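Only one structure is covered here, and it is reproduced in the block below.
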Amino acid sequence: MTETSRQSTSARARPVITVFERSPDGGKGLARDMRVRWALEEVGQAYDVRPLSFSAMKENAHRALHPFGQIPTYEDGALALFETGAIVFHIASHHEGLLPEDADARARAINWMFAALSTIEPSIIEREVVLYLERDENWFEQRLTLVDNRIRGKLTDLSRRLGGAEWLDGDFSAGDLMTVDVLRRLGGSGLLEEFPNLSAYVSRAEARPAFRRAYDAQRDFFNSSTAG
Ligand SMILES: N[C@@H](CCC(=O)N[C@@H](CS)C(=O)NCC(=O)O)C(=O)O
């Protein structure tokens with residue numbers, strides 16, 4: 001389903017997403033195009049990717065698509081979007097499979113998308129900032145402990161809500177996709193493992209064929225661009 005062609009063609013019939021030209025994480029599927037690729041795979045929509053160097057991301061041509069000079073963006077015909085929440089919501093709204101038919105269930109799935117991005121993700125990103133930028137500070141350990149405890153608080157609440165359920169609210173939805181993609185950023189921290197039901201939840205989502213295809217496509221893309 002995935003097409004990672006780097007050639008541009010006129011009159012594209014399928015959406016194009018921008019991605020990092022080179023992998024900052026060694027192809028572990030953490031760059032945020034992963035969640036867009038995953039959503040596209042879940043709904044069976046083929047897509048193309050346009051790789052960008054870090055400097056190209058900050059140029060005006062790209063900023064016309066993404067005001068903050070980041071990836072991913074999503075272009076489909078005349079429509080251009082940035083922000084993965086909006087992109088995944090758009091994909092889920094225009095295809096079957098990621099949002100329930102029932103209006104209330106749909107609203108709750110969207111609710112979980114927002115919770116993932118605005119309640120869970122910020123402290124996880126803060127942890128990355130601490131690790132990347134504050135490691136040499138003499139208060140590094142205290143700050144990391146503080147941020148880790150803040151994350152633990154969110155994970156405790158999420159774990160309690162998930163309980164023994166397979167997914168957050170009925171069938172797998174865009175809410176689960178976004179939540180899992182955010183939780184995956186904790187890989188290697190040991191924090192997720194403190195919550196066995198959340199670990200199992202992430203593993204269950206990662207075992208989905210659509211996730212595997214998206215992950216492999218991103219990794220293969222990085223491998224081929226590194227080789228080239
Ligand atoms: N809130 C944005 C965050 C986008 C974002 O942080 N993208 C990262 C890659 S995962 C990026 O482009 N980083 C490079 C930079 O900010 O210069 C979204 O969810 O789309």
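Fair warning: this is a prediction, and the values are worked out from it, not measured in the lab. Counting starts at 1 for both ligands and their atoms, in listed order. Excluded from the calculations below are hydrogen atoms, water molecules and symmetry mates; all remaining heavy atoms, backbone and side chain alike, are included.
Within a 6.0 Å radius of CZ in Arg212, other residues, nucleotides and ligands contribute more than 12 heavy atoms.
Phe222 has its ring centre no less than 6.0 Å from the ring centre of Phe20.
Here is the list of ligand 1 atoms found below 4.0 Å of a heavy atom in Lys58: 15 (C), 16 (O), 17 (O).
Residues passing the side-chain hydrogen bond (donor to acceptor under 3.5 Å, both in side chains) test with Thr145, sequence neighbours excluded: none.
For atom 7 (N) of ligand 1, the closest heavy atom belonging to the protein is Ile71 O, 2.8 Å. Shortest contact from atom 16 (O) of ligand 1 to any protein heavy atom: Gln70 NE2, 2.8 Å. With respect to atom 20 (O) of ligand 1, the closest heavy atom belonging to the protein is Thr84 N, 2.9 Å. Ranking protein heavy atoms by distance to atom 18 (C) of ligand 1, first place goes to Glu83 OE1, 3.3 Å.
Only the side chain of Phe20 comes within 4.0 Å of ligand 1, judged by heavy-atom distances.
The N/O atoms of Arg32, backbone and side chain alike, include one that comes under 3.5 Å of an N/O atom in ligand 1. Checked by distance only, ligand 1 and Met57 stay at 3.5 Å or farther apart across all their nitrogen or oxygen atoms. Taking any N or O of Arg185, backbone or side chain, none lies under 3.5 Å from an N or O belonging to ligand 1.
Ion pair Arg219/Asp216 flagged as a salt bridge, since at least one NZ, NE, NH1 or NH2 atom sits closer than 4.0 Å to an Asp/Glu carboxylate oxygen.
Within the structure, the ring-ring contact (aromatic ring centres under 6.0 Å, His included) test picks out no pair touching residues 110-143 (sequence neighbours left out).
Remark: of the listed residues Leu158, Thr156, Leu191, Leu186, Leu158 is the sole one forming a side-chain contact (heavy atoms from CB on, under 4.5 Å) with Leu198. Tested against Arg108 for a salt bridge (Lys or Arg N to Asp or Glu O under 4.0 Å), the candidates Asp171, Asp169, Asp176 yield a single pass: Asp169.
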